[in-house]
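Along the sequence shown, residues are numbered consecutively beginning with 1.
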Amino acid sequence: DPEALANRISEDVSHAATKNIDIPIRTPVNILSIAGGVGMLVWTAWASLAGGALSPLLAGGIAALLTGVMVGYGLLSARIAEIDRQVEAEPDLDKRVNLLKEALDRFPGEAHFEQALRIMREKRDLVNSIVAKARLHEERGQLNDAIGQWEILRTIYSQYPGLSFEIDRVQKRREQQARSEAKTRWVEQVDRHMETRDYPRALELLQQAQREFPDDAELAELEKSAQQ
């Protein structure tokens with residue numbers, strides 16, 4: 001019955017608008033339903049016009065159906081914008097993926113969320129691989145390479161939680177490593193001169209080393225040995 005269909009559509013649209021519910025209008029089932037409803041109402045409207053009359057309820061049904069389409073798309077667009085804002089505000093990429101998965105469960109077949117989820121998964125995997133490389137380089141003592149990976153991550157995804165802390169931490173560790181290596185070189189030079197009993201040169205080197213590393217216990221012990 002076209003008029004009953006028109007009446008039902010009017011009620012559904014009114015309910016959706018007042019209750020602010022989701023209308024997943026882009027799903028295949030709803031599209032087919034709407035297409036069928038439009039076809040029935042248009043055919044009936046044409047038949048009514050051919051007879052010289054158009055039922056007011058039927059005319060209202062057609063208007064309500066078109067309004068329903070616009071309301072459905074409007075509500076869905078509002079939900080998409082809201083979810084996009086939630087995703088953008090979340091720094092954790094795993095949580096972003098979960099938000100988009102929940103959105104797809106809520107709006108199955110929605111192309112916007114399907115594409116966003118695919119891109120977000122690729123970005124998460126890329127970020128995770130960079131973090132893994134940075135930590136591996138650090139474990140191997142390759143601190144310059146580790147910092148390089150963190151800097152790449154800063155370029156790709158500066159919102160990564162704790163990124164600045166990680167970069168500062170590894171940079172400080174690199175500075176400590178550089179000082180340790182510099183001191184080791186001084187000690188090796190002093191040891192070589194002491195082995196050849198060139199104590200004056202050993203003491204000279206120790207004085208230079210102590211200017212760079214004042215109050216260093218190891219250098220102080222070497223100095224005592226060279227003076228004996």
Side-chain angles (χ1 to χ4, degrees), residues 2-45 57-134 149-166:
E3 293 192 354
L5 175 62
N7 189 48
R8 180 173 61 80
I9 290 171
S10 298
E11 293 175 353
D12 289 346
V13 170
S14 176
H15 175 70
T18 57
K19 298 298 183 182
N20 194 32
I21 63 173
D22 294 322
I23 301 180
I25 201 167
R26 297 186 191 180
T27 62
V29 173
N30 282 283
I31 290 174
L32 290 175
S33 177
I34 290 170
V38 169
M40 180 179 290
L41 291 177
V42 169
W43 181 86
T44 307
L57 182 59
L58 184 58
I62 294 174
L65 183 59
L66 295 175
T67 302
V69 173
M70 290 186 289
V71 168
Y73 274 102
L75 290 174
L76 181 57
S77 297
R79 295 296 185 273
I80 288 176
E82 179 184 355
I83 293 170
D84 283 348
R85 285 192 295 270
Q86 292 175 353
V87 170
E88 187 64 26
E90 175 55 60
D92 189 302
L93 291 180
D94 284 324
K95 292 181 180 179
R96 284 191 175 192
V97 168
N98 289 335
L99 285 172
L100 290 170
K101 287 170 65 177
E102 291 172 2
L104 263 181
D105 290 340
R106 190 176 182 184
F107 301 101
E110 173 53 49
H112 175 84
F113 293 131
E114 287 179 343
Q115 181 180 17
L117 179 58
R118 176 181 57 79
I119 293 173
M120 194 59 62
R121 279 174 169 160
E122 291 174 353
K123 188 171 187 177
R124 178 196 61 184
D125 294 344
L126 175 61
V127 166
N128 288 344
S129 70
I130 293 173
V131 172
K133 289 178 182 178
Q149 290 298 316
W150 288 119
E151 291 293 351
I152 290 173
L153 182 57
R154 196 209 298 269
T155 301
I156 294 174
Y157 188 59
S158 61
Q159 292 175 270
Y160 181 83
L163 178 58
S164 296
F165 170 80
E166 292 290 350

Using atom types as modelled, flag every donor-acceptor pair under 3.5 Å from a side chain in residues 80-89 to any protein atom, sequence neighbours excluded.
unit_1	atom_1	unit_2	atom_2	d
Asp84	OD1	His112	NE2	3.1
Asp84	OD2	His112	NE2	2.9

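- Across all non-hydrogen atoms, the minimal contact from Pro161 to Pro91 is CD-O, 3.9 Å.
- Between Lys133 atom NZ and Leu153 atom CG the span is 12.0 Å, to the nearest 0.5 Å.
- Between the side chain of Tyr160 and the main chain of Leu93, no donor-acceptor pair closer than 3.5 Å is present.
- Legend: residues meeting salt bridge (charged side-chain N to carboxylate O under 4.0 Å, His left out) with Arg124, ordered by chain and number and at least two apart, are Asp94.
- Arg121 places no side-chain N or O within donor-acceptor distance of the main-chain N or O of Val97, the cut-off being under 3.5 Å.
- Residues passing the salt bridge (charged side-chain N to carboxylate O under 4.0 Å, His left out) test with Glu151 are Arg154, sequence neighbours excluded.
- In this structure, the separation between CG on Leu104 and CD on Glu102 is 11.0 Å, given to the nearest 0.5 Å.
- Expressed to the nearest 0.5 Å, how far NZ of Lys101 lies from CG of Leu99 amounts to 11.0 Å.
- Scanning all heavy atoms of the two residues, the minimum distance from Asp92 to Tyr157 falls at N-OH, 4.4 Å.
- The pair Arg118-Glu122 meets the salt-bridge criterion, since a charged nitrogen lies less than 4.0 angstrom from a carboxylate oxygen.
- When all heavy atoms are compared, the tightest approach of Ile130 to Ile156 is CD1-CD1, 3.4 Å.
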